[in-house]
Amino acid sequence: MNFDLDLFVIGAGSGGVRAARMAAGFGARVAVAESRYLGGTCVNVGCVPKKMLVYGASYADDFAQAASYGWSVGEPGFDWTTLRENKNREIARLNGIYAQLLTQAGARVIEGHARLLDAHTVEVAGERLRARHVLVATGCTPFKPDIAGAEHAISSDDAFHLPALPRRVIVAGGGYIAVEFASIFRGLGVQVTQLHRGDLFLRGFDGGLRRHLRDQLRIKGLDLRFNSEIARIERRDDGSLLATLVDGGHIETDCVMFATGRRALLDGLGLENTGVQIDERGFIAVDEHYQTAEPSILAIGDVIGRVQLTPVALAEGMAVARRLFRPEQFRAVDYEQIPTAVFSLPNIGTVGLSEEQAREQGRTVRVFESRFKPLKLTLTASSESTYLKLVVDADSDRVLGCHMIGPDAGEVIQGLAVALKAGATKQVFDDTLGIHPTTAEEFVTMRSARPDPA
Ligand code: NDP
């Protein structure tokens, strides 16, 4: 069969761009189609602009604490438009860099919505191209529950472009996005109510982390309500919103943001013209090599609903490019011990097993915990505290999980992720000298295991 291309990538997000660049670098004939913005969710309405908003929000604490260090800062004022526009400018710059990276690698970038006509043919921007392999990397889009008045609510995509900062906001959801945006809004001075349908947010994270974060966020003035869900939203004549809860309660607010998960972006892709299968959760079903039920079509990243994190999509993109065009360099993605951070204020950083997961696996664990006021805050009136936790396998002495809440937790945990990957034992942690005085040194100086609650 004659093909115009070796690889056609649909979606120029983290995973798609990495696969396209790498494949083109290996000499493959590659085109990548993108209908919205280069860089995908991460660069445009995710990780990168989110972190900028988190930095913006964190100045609130810095101003409050500066006086204890002798600074007179006056009454700080905040201008949302300045932050939003500066952020937009930087994102536009990054979009340009992504376009350059792709073209410099030799990949063709096509602006437009790609649609599969069959297992090898893609139609985009009025052109039909036949590719030996097609990679679907279209990602996900925010999902809003189907309730009356849902059209009055915003998603995280909208939150990045708000025309003005609301005075009051309800954030509904208890995952990464809900927790991060609740902190962002609070830091920027908004009155925040966060509603989560479960007993406690961040399901799947270590219980100690979840409880400690709940307490810290309440200290910062967030109104956290658990076992609580919105039944309907009405817009009132004065422009404000009235949220009616499932239990019959009401909350007046200016903005409702749903952060209730994300669904795979498959609309108009033409998958019905191929043998690609969708799993019961609505994501593209793939095997261990990211191959769909249609042999020429592969899928990676959020659209396969495995682990929705940028570094995972990058790793999957590299695995696909290598397997197709440099099989001798192929390395499978290791889904164990993926470190991650939640950029709440304070941050969570975590790698490895939670205490609950370790116990569910039938392991006997020793747990080391430490809570303390970080040195930087000792001169201030802040009652914020840092939390560190190690979960250790009692039989092998292997450290199974490292968890932290505190400033720059992600930066600390990234280093510890290397130690866990290398199979470090608690003895190795104990033999490692600390860097004094830091928060991170506490990870190598915790000596007494918590008495077993059983
Ligand atoms: P998550 O899947 O993490 O969380 C969804 C939340 O919404 C859960 O708390 C869930 O509750 C709740 N929920 C789901 N459906 C409903 C409903 N119908 N009504 C009320 N609540 C509901 O999704 P996010 O959108 O927060 O994030 C998506 C993914 O993006 C994350 O899983 C993460 O992988 C990635 N991400 C990573 C970030 C980072 O690395 N810092 C930042 C942001 C996102 P329940 O727990 O009960 O199911």
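The residues of the chain are indexed from 1 along the displayed sequence. First listed ligand is number 1; within each ligand, the first listed atom is number 1.
Asp238 and Ser240 share a donor-acceptor pair across their side chains, judged by distance under 3.5 Å alone. No hydrogens or angles considered: nothing links the side chains of Ser296 and His133 as a donor-acceptor pair under 3.5 Å. No hydrogens or angles considered: nothing links the side chains of Glu111 and Ser35 as a donor-acceptor pair under 3.5 Å. With 3.5 Å as the limit, one finds a donor-acceptor pair spanning the side chains of Glu316 and Tyr335. In this model, a donor atom of one side chain and an acceptor atom of the other lie less than 3.5 Å apart for Asn44 and Asn95.
At under 3.5 Å, a nitrogen or oxygen of Gly175, whether backbone or side chain, sits near a nitrogen or oxygen of ligand 1. Any N or O atom pair closer than 3.5 Å counts here, and Gly174 shares at least one such pair with ligand 1.
The nearest heavy-atom contact from the protein to atom 42 (C) of ligand 1 is Glu180 OE1, 3.2 Å. Atom 26 (O) of ligand 1 has Ile177 N, 2.9 Å as its closest protein atom, hydrogens excluded (heavy atom only). In terms of protein heavy atoms, atom 31 (C) of ligand 1 is closest to Tyr176 CD1, 3.5 Å. Among protein heavy atoms, the minimum distance from atom 17 (C) of ligand 1 is reached at Arg197 NH1, 3.5 Å. What sits closest to atom 23 (O) of ligand 1 on the protein, heavy atoms only, is Gly261 CA, 3.5 Å. For atom 14 (C) of ligand 1, the nearest protein heavy atom (residue, atom name, distance) is Thr260 O, 3.2 Å. Counting protein heavy atoms only, atom 46 (O) of ligand 1 is closest to Arg203 NE, 2.9 Å. The protein heavy-atom contact nearest to atom 35 (C) of ligand 1 is Gln308 O, 3.0 Å.
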Step by step, would you call Phe181 with Phe160 a ring pair (Phe, Tyr, Trp, His ring centres under 6.0 Å)?
CA-CA 10 Å; Phe181 268 93; Phe160 287 105; 5.3 Å; yes

Show your working on ring pair (Phe, Tyr, Trp, His ring centres under 6.0 Å) between Phe78 and Phe63 and close with a plain yes or no.
CA-CA 12 Å; Phe78 173 71; Phe63 286 123; over 10 Å; no

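For Ala341, the closest heavy-atom approach to ligand 1 falls below 4.0 Å.
Residue Ala259 has at least one heavy-atom neighbour below 4.0 Å for each of these atoms of ligand 1: 6 (C), 7 (O). Numbered from 1 in the order shown, with element, the atoms of ligand 1 that lie under 4.0 Å from a heavy atom of Leu309 read 34 (O), 37 (C), 40 (O). Those atoms of ligand 1 with a heavy atom of Lys50 less than 4.0 angstrom away are 41 (N), 42 (C).
Taking the six-membered ring for Trp and thresholds of 30 and 60 degrees, Tyr387 and His212 have nearly parallel ring planes, at less than 30 degrees apart.
Across all non-hydrogen atoms, the minimal contact from Ile300 to Ile304 is N-CG2, 4.0 Å.
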